[in-house]
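Right, one structure below, let's go through it.
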Amino acid sequence: ASGPSPGLRLRNANADADARRAARQEPFVRSSRRDMSLSRSTAEKYGATVDLDVTPLLHPPRSRSVATWVVVAKATLVVAAVAGLALFARGAGGVASSPGGVASRAHPVSQRATPLGETGGGQVLNDNTPIYYVAPAGAHAGKTSVVCLSPKVWSTSLGLLLLAGYNGAEVEAAPHGGSRDARVLAKYNQGYDPVAAAHDALTVPWPPAGKAVDVGLVSKADRYLVTRDPLDRLYSGFANKIECQGNPPNCECGNVAKYLPSMFWEPPDDLSEALAKISQDWTNRDMCASPDFGKFVDWLDLAFSSDAFTKHRVHLALDSWFNHFVPQTWMGCGFDIENELTILKTEEESVWYPGFIDNLGLEFAHKLDGKSWGPVPGGAPPRKCFYQCGSLSCDEMVGGTCPYEPPDARTYEHMYTPEVKKKACRIFANDLAVLGYTC
């Protein structure tokens with residue numbers, strides 16, 4: 001492929017300038033679920049990492065699975081400069097204005113990227129970062145699909161399923177802390193729980209070295225975005241990250257104040273006044289000491305009405321801690337969700353799961369040893385495979401057809417008062433419309 005166009009070079013320069021400016025601000029540590037610093041590149045210093053919504057090798061906690069596509073996020077700026085691609089420009093609805101005022105389109109499907117696999121590295125499964133997944137087995141072995149995972153949408157459990165395709169023994173050992181992988185052991189030593197360590201440390205290979213991946217050659221049918229009912233996702237995020245029932249030591253409520261400045265870098269305007277107002281409002285609500293869902297939704301409404309929280313800026317921030325709460329349509333790994341991705345609703349797993357594991361070559365990962373999927377400390381008994389429907393056996397699930405199951409009802413409907421629900425539906429109106437959910 002020829003070098004980048006002048007417009008793309010300018011967009012890259014703008015993105016680099018944003019990242020350098022952001023790097024001078026604090027706090028910009030990439031947090032883990034254990035609030036560890038995992039910053040791997042300047043662009044990743046905008047917030048947290050994997051989702052903790054699901055307990056160890058789930059029982060997807062009312063979750064199902066998956067999504068598709070990958071960007072060079074590990075060493076984003078460096079690799080992008082070498083590849084002549086830098087940060088892919090992102091924008092609302094596929095089109096937006098970059099900080100420099102240059103119109104940019106979200107991940108044009110014709111854009112080419114050279115896999116980092118040429119350097120021998122593997123893909124870490126970060127949220128809101130496309131994953132190029134090469135089927136490890138089955139009828140479609142070697143085929144590349146694109147998966148996009150979002151926080152609070154079963155990203156941990158589905159990430160483990162993808163990792164199991166290449167790291168089956170490590171995923172089996174994860175709940176028991178029996179790993180022999182040096183990368184996982186290093187996470188243990190940093191204080192990670194075993195499953196978090198496996199998720200954050202293990203990788204999947206890039207497409208074969210020397211082969212540029214042309215996204216245009218991966219059809220929309222093979223580019224997946226897993227979604228969740230926006231109101232269920234919102235309450236789940238509040239309960240898990242803000243309310244933190246039992247006040248566990250790894251509660252992330254403090255991350256709101258810690259990472260809020262990371263969303264208020266200057267271009268195009270000085271946002272210091274807005275940051276001060278929103279920060280003070282958060283302090284006044286004393287949410288970490290006295291969590292209240294209605295008050296939290298009020299605060300989100302205030303924060304999301306500022307110029308710091310826009311679809312374009314969320315795209316630039318990549319794996320931000322606030323991605324646990326921003327609309328799913330603000331993410332999508334930089335794709336135009338409606339035109340470039342296939343939506344897989346977690347509430348309708350029986351519809352898409354059999355074909356998904358067949359297409360991605362997950363027939364063995366889906367089963368593992370027949371007893372690892374499911375057990376959690378004090379939780380559910382082991383399951384023979386990641387998910388089963390009707391009377392289908394684990395083997396029959398691969399490419400099979402589930403009997404009709406009505407979509408799951410909204411799990412947390414009872415947690416919403418009419419007033420809070422009305423406000424949440426307004427905040428997440430685009431999610432409801434684009435992803436096909438109702439208020």
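The first residue in the sequence is number 1, and the count goes up from there. Both backbone and side-chain heavy atoms feed into the values below; hydrogens, waters and symmetry mates do not. Only a predicted model underlies this, so the values are computations on that prediction, with no experimental measurement involved.
Put simply, the side chain of Arg410 gets close to the backbone of Cys439: a donor and an acceptor are under 3.5 Å apart. Distance alone, capped at 3.5 Å, places no donor-acceptor pair between the Lys371 side chain and the Lys384 backbone. The backbone N or O of Thr329 sits less than 3.5 Å from a side-chain atom of Asp431, completing a donor-acceptor pair. Judged by distance alone, the side chain of Glu347 and the main-chain N or O of Asp229 form a donor-acceptor pair under 3.5 Å. Arg233 places a side-chain N or O within donor-acceptor distance of the main-chain N or O of Pro151, the cut-off being under 3.5 Å. Looking only at distances, no side-chain donor or acceptor of Glu348 sits under 3.5 Å from a matching main-chain atom of Trp352. Under the 3.5 Å distance criterion, the side-chain polar atoms of Trp373 are left unmatched by any main-chain donor or acceptor of Glu172. Side chain of Arg223 to backbone of Thr342: no donor-acceptor contact under 3.5 angstrom is found. In this structure a side-chain-to-backbone donor-acceptor pair under 3.5 Å is missing from Tyr404 to Val351. No side-chain donor-acceptor contact under 3.5 Å links Ser155 to the backbone of Asp127.
We find the NZ-CD distance between Lys367 and Gln388 to be 11.0 Å, quoted to the nearest 0.5 Å. Distance check, rounded to the nearest 0.5 Å: CG of Leu231 to CD of Glu413 gives 7.5 Å. Interatomic distance, CG of Leu161 versus CD1 of Ile357, reported as 7.5 Å (0.5 Å rounding). Remark: Lys187 NZ to Asp181 CG distance equals 11.5 Å, nearest 0.5 Å. Atoms SG and CG, from Cys385 and Asp369 in turn, are 12.0 Å apart once rounded to the nearest 0.5 Å. Note that NE2 of His324 is 10.0 Å distant from CD1 of Ile242, once rounded to the nearest 0.5 Å.
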| task | For the pair Arg426 and Asp301, evaluate side chain to side chain contact (heavy atoms under 4.5 Å, CB included) and give the outcome as yes or no after the intermediate values. | result | CA-CA 9 Å; Arg426 176 172 53 77; Asp301 193 23; 2.8 Å; yes
| task | Could you walk me through whether Tyr133 and Val204 pass the side chain to side chain contact (heavy atoms under 4.5 Å, CB included) test, one step at a time? | result | CA-CA 8 Å; Tyr133 195 80; Val204 298; 3.9 Å; yes
| Does the pair Arg183 and Asp200 meet the rule for a salt bridge (charged side-chain N to carboxylate O under 4.0 Å, His left out), with working shown? | CA-CA 9 Å; Arg183 299 167 297 177; Asp200 282 13; over 6 Å; no
| said: For a side chain to side chain contact (heavy atoms under 4.5 Å, CB included) check, start with the C-alpha distance between Leu149 and Leu158, then their side-chain angles and the critical distance, and finish with the verdict. | reply: CA-CA 8 Å; Leu149 301 176; Leu158 297 178; 4.1 Å; yes
| task | Decide yes or no on side chain to side chain contact (heavy atoms under 4.5 Å, CB included) for Ser262 and Trp321, but give the supporting numbers first. | result | CA-CA 10 Å; Ser262 71; Trp321 186 85; over 6 Å; no
| field | side-chain hydrogen bond (donor to acceptor under 3.5 Å, both in side chains) evaluation trace for Asn323 with Lys152 | value | CA-CA 9 Å; Asn323 285 358; Lys152 306 309 299 176; over 6 Å; no
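Taking every heavy atom of both residues into account, His199 and Thr156 meet most closely at CD2-O, 3.5 Å. Closest approach of Ala424 to Val297, counting heavy atoms only: N-CG1, 4.4 Å. Between Gln123 and Pro207, the shortest heavy-atom contact is NE2-CD, 4.3 Å. Contact record, Asp232 with Ala409: OD2-O, 4.3 Å, taken as the closest heavy-atom pair. Nearest heavy atom pair, residue Val184 against residue Ser179, reads CB-OG, 3.4 Å. The two atoms that bring Lys220 and Leu341 nearest to each other are CE-O, 3.0 Å, heavy atoms only.
Under the 4.5 Å side-chain criterion, counting only non-hydrogen atoms from C-beta, Asp358 is not in contact with Glu363. Looking at Ser145 and Asn359, their side chains come closer than 4.5 Å, going by heavy atoms from C-beta outward. Between Ser320 and Tyr259 there is no side-chain heavy-atom pair separated by less than 4.5 Å. Inter-residue side-chain proximity for Thr346 and Val153 is flagged as met; some heavy-atom pair is nearer than 4.5 Å. Side-chain contact between Pro354 and Cys402: present, with at least one pair of heavy atoms (C-beta onward) separated by less than 4.5 Å. Taking 4.5 Å as the limit, every side-chain heavy atom of Phe386 sits out of range of all side-chain heavy atoms of Cys394. Using a 4.5 Å heavy-atom threshold, the side chains of Leu225 and Ser150 count as touching. Looking at Pro407 and Lys345, their side chains never come closer than 4.5 Å, going by heavy atoms from C-beta outward.
Shown are Val134, Thr203, Leu202; of these, the side chain to side chain contact (heavy atoms under 4.5 Å, CB included) with Tyr166 is made only by Val134.
Between Arg180 and Glu170 there is no salt bridge, since none of the side-chain N atoms of the basic residue sits less than 4.0 Å from a carboxylate O of the acidic one. Looking at Lys143 and Asp222, a side-chain N of the basic residue comes within less than 4.0 Å of a carboxylate O on the acidic one, giving a salt bridge.
Scored by the ring-ring contact (aromatic ring centres under 6.0 Å, His included) test, Tyr437 finds no partners at all (sequence neighbours excluded). For the salt bridge (charged side-chain N to carboxylate O under 4.0 Å, His left out) test, no residue two or more places apart in sequence or in another chain qualifies with Glu396. Considering only residues two or more places apart in sequence or on other chains, Phe296 meets the ring-ring contact (aromatic ring centres under 6.0 Å, His included) condition with Phe238, Phe325.
Because its NZ or CZ atom is not both nearer than 6.0 Å to the ring centre of Trp330 and within 45° of the ring axis, Arg313 does not count as a cation-pi partner of that residue.
Few gaps surround CZ on Phe304; more than 12 heavy atoms of other groups in view lie less than 6.0 Å from it.
Residues Tyr387 and His366 place their aromatic rings such that the two centres sit no closer than 6.0 Å. Ring-centre distance between Phe293 and Tyr235: below the 6.0 Å cut-off.
Of the N and O atoms on the side chains of Arg383 and Ser372, not one donor lies less than 3.5 Å from an acceptor on the other residue.
With 2.5 angstrom as the limit on SG-SG distance, Cys288 and Cys253 come in below it.
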